[in-house]
Amino acid sequence: MTASDAALFPPEIESFREQIDAQLDEYSQLDSDCPDRLREAIRYCLLAPGKRIRPLLVLTAARMCGGEIRNAMPAACAVEMIHNYSLIHDDLPAMDDDELRRGRPTCHIRFDEATAILAGDALIPLAFQILARDTQPAGVASQCVVALAHAAGPSRLVGGQADDLNLQFAPSDVESLERIHRRKTGALLTVSLELGALTAGASAEYRNCLINYGKHLGLAFQIVDDLLDLRGSQAKMGKRIGKDAVLGKQTYPAVIGEQASEARAQEMALAAIDSLGPFKDAATPLEVLARFVVNRTQ
Ligand code: GRG
């Protein structure tokens with residue numbers, strides 16, 4: 001995140017980011033039975049400078065629902081671990097075949113392909129172990145495990161990725177495009193908000209408002225990702241850009257045009273903010289995050 005991006009956030013969010021990074025560092029120390037090279041690969045990816053949007057959503061939602069940050073932190077770290085595994089595997093030659101991620105060589109380039117597969121594999125059980133063990137009470141931990149497993153599973157993250165890789169199904173209309181992105185990008189963003197609400201013991205009304213916010217934010221996020229892939233800068237994004245067109249992938253700008261994509265991203269961000277009505281003034285941090293997502297440059 002650039003200094004000007006960070007300046008958009010209230011100081012509380014910056015403090016959340018520092019706490020998330022410290023906790024991810026601690027959770028990824030791992031015991032001496034973990035091979036050194038595997039630990040190094042896991043930490044190389046997990047601690048790389050990402051935006052931490054998903055864990056920030058967990059903590060912000062928890063705080064808005066009156067929960068304790070300490071009890072939401074395991075869920076925040078778990079969702080970032082699942083996100084990281086998906087990035088590591090997405091970068092592999094069998095998938096998107098990328099050499100740059102978060103401004104550094106991707107895991108399989110810095111280490112090797114087998115190590116990258118295993119580092120991604122290892123992050124999945126580690127995420128669920130932390131979520132189940134460190135969330136209180138046990139009933140809430142179990143609800144969180146089910147929610148995250150569903151979001152990361154075959155009908156959401158993995159299914160969306162499978163359809164996205166299958167060019168035979170390259171969507172030619174906005175509805176099919178959104179069906180992919182609701183699962184590939186939207187599911188983890190939405191469950192982040194749900195996890196925050198669950199750890200805070202929020203009412204069904206608050207939880208549903210947050211889930212609704214997440215669904216709209218997920219689409220806004222993806223549209224902006226497509227626009228940045230078209231016209232962003234590799235130096236700022238920290239990854240190769242312009243790949244979608246080369247791979248023949250359908251994107252929002254390709255399907256509805258650049259101007260309509262910009263308008264739709266703004267529309268989705270406003271719809272996300274509108275979902276937060278019942279939170280009144282407490283919604284400000286999520287309003288700021290929605291604006292950040294549509295105005296981001298990386
Ligand atoms: C391998 C099951 C599996 C899924 C991969 C991560 C992913 C799904 C695809 C990556 C392709 C892509 C560009 C998706 C768009 C949305 C997205 C997940 C962007 C990366 O997330 P950011 O921008 O990344 O939050 P940082 O590095 O800031 O955490």
Side-chain angles (χ1 to χ4, degrees), residues 1-2 5-6 17 20-21 24 44-58 76-77 79-98 100-108 116-117 119-121 123-124 127 148-166 177-178 180-192 214 217-230 232 234 236-247 249-253 265 268 289 292-298:
M1 191 170 308
T2 63
D5 285 340
R17 275 165 51 78
I20 291 160
D21 284 341
L24 287 171
Y44 173 80
C45 298
L46 190 62
L47 306 181
K51 295 183 286 299
R52 308 285 186 233
I53 286 177
R54 295 151 194 82
L56 283 174
L57 289 173
V58 177
C77 292
V79 78
E80 181 67 16
M81 286 178 182
I82 295 292
H83 168 59
N84 262 263
Y85 118 75
S86 79
L87 296 178
I88 296 170
H89 283 191
D90 184 65
D91 289 334
L92 287 167
M95 296 211 193
D96 247 17
D97 193 11
D98 270 311
L100 199 62
R101 168 72 64 187
R102 293 178 167 175
R104 304 175 176 185
T106 47
C107 195
H108 65 279
I117 293 170
D121 288 345
L123 282 165
I124 305 170
L148 184 57
H150 180 67
S155 303
R156 290 288 182 273
L157 173 67
V158 174
Q161 173 76 349
D163 277 354
D164 193 42
L165 287 172
N166 194 341
L177 199 58
E178 291 193 352
I180 290 183
H181 296 312
R182 264 201 311 273
R183 292 171 291 151
K184 191 186 91 169
T185 310
L188 281 192
L189 291 166
T190 303
V191 81
S192 301
L217 186 79
L219 287 178
F221 187 92
Q222 181 63 51
I223 299 168
V224 172
D225 216 73
D226 284 356
L227 284 165
L228 288 173
D229 188 70
L230 193 68
Q234 176 165 303
K236 269 194 179 166
M237 297 283 285
K239 63 180 184 182
R240 187 144 58 105
I241 58 162
K243 273 200 73 190
D244 292 337
V246 174
L247 291 173
K249 281 201 176 166
Q250 281 299 29
T251 62
Y252 280 88
M268 288 296 120
L289 267 171
F292 164 71
V293 160
V294 284
N295 295 319
R296 71 198 169 101
T297 53
Q298 70 174 92

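Ligands are counted one by one from 1 in listed order, and the atoms in each one are counted from 1 as well.
Not a single N or O atom of E80, backbone or side chain, sits closer than 3.5 Å to an N or O atom of ligand 1. For R102, a nitrogen or oxygen atom sits less than 3.5 Å from a nitrogen or oxygen atom of ligand 1, counting backbone and side chain alike. Considering backbone and side-chain N/O of K184, none are found under 3.5 Å from N/O of ligand 1.
Ranking the protein heavy atoms by distance from atom 13 (C) of ligand 1 puts D225 OD2, 3.2 Å first. Looking at atom 25 (O) of ligand 1, its nearest protein heavy atom turns out to be R54 NH1, 2.8 Å. The closest protein non-hydrogen atom to atom 10 (C) of ligand 1 is D90 OD2, 3.1 Å. Among protein heavy atoms, atom 3 (C) of ligand 1 sits closest to Q161 CG, 3.7 Å. Nearest to atom 17 (C) of ligand 1 among the protein's heavy atoms is F221 CE2, 3.9 Å. Protein heavy atom at the shortest distance from atom 1 (C) of ligand 1 is S86 O, 3.5 Å. K51 NZ, 2.6 Å is the protein heavy atom nearest to atom 23 (O) of ligand 1.
The two residues D98 and H108 make their nearest non-hydrogen contact at O-CE1, 3.1 Å. In terms of heavy-atom proximity, L230 sits nearest to P253 at CD2-CB, 3.9 Å. Shortest non-hydrogen contact noted between C45 and R102 is O-NH1, 3.2 Å. Contact between V79 and V191 at its shortest, heavy atoms only, is CG2-CG1, 4.3 Å. Between C107 and A119, the closest heavy-atom pair is SG-CB, 4.4 Å.
Contact annotation: for H83 versus ligand 1, heavy atoms closer than 4.0 Å belong to the side chain alone. Of the heavy atoms in K239, only side-chain atoms (C-beta onward) come closer than 4.0 Å to ligand 1.
The only member of L188, L123, L157 that meets side-chain contact (heavy atoms from CB on, under 4.5 Å) when paired with H83 is L188.
Set against the non-hydrogen atoms of T185, the atoms of ligand 1 under 4.0 Å away are 15 (C), 16 (C). Near Y85, the atoms of ligand 1 lying under 4.0 angstrom from a non-hydrogen atom of the residue are 2 (C). Contact atoms of ligand 1 toward G50: 27 (O), 28 (O) (distance under 4.0 Å to a heavy atom of the residue). Per-residue contacts place Q222 under 4.0 angstrom from the following atoms of ligand 1 (heavy atoms of the residue considered): 15 (C), 16 (C).
Ion pairing between a basic and an acidic side chain is recognised when a charged N comes within 4.0 Å of a carboxylate O; D163 and R183 show such pairing. A salt bridge does not link K239 with D229: every distance from a Lys NZ or Arg NE/NH1/NH2 to an Asp or Glu carboxylate oxygen is 4.0 Å or more.
At least one cation-pi condition fails for R182 and F221: the charged atom is not both under 6.0 angstrom from the six-membered ring centre and inside a 45 degree cone around its axis.
By the ring-ring contact (aromatic ring centres under 6.0 Å, His included) test, Y85 is found to be paired with H89, residues two or more places apart in sequence or in another chain being considered.
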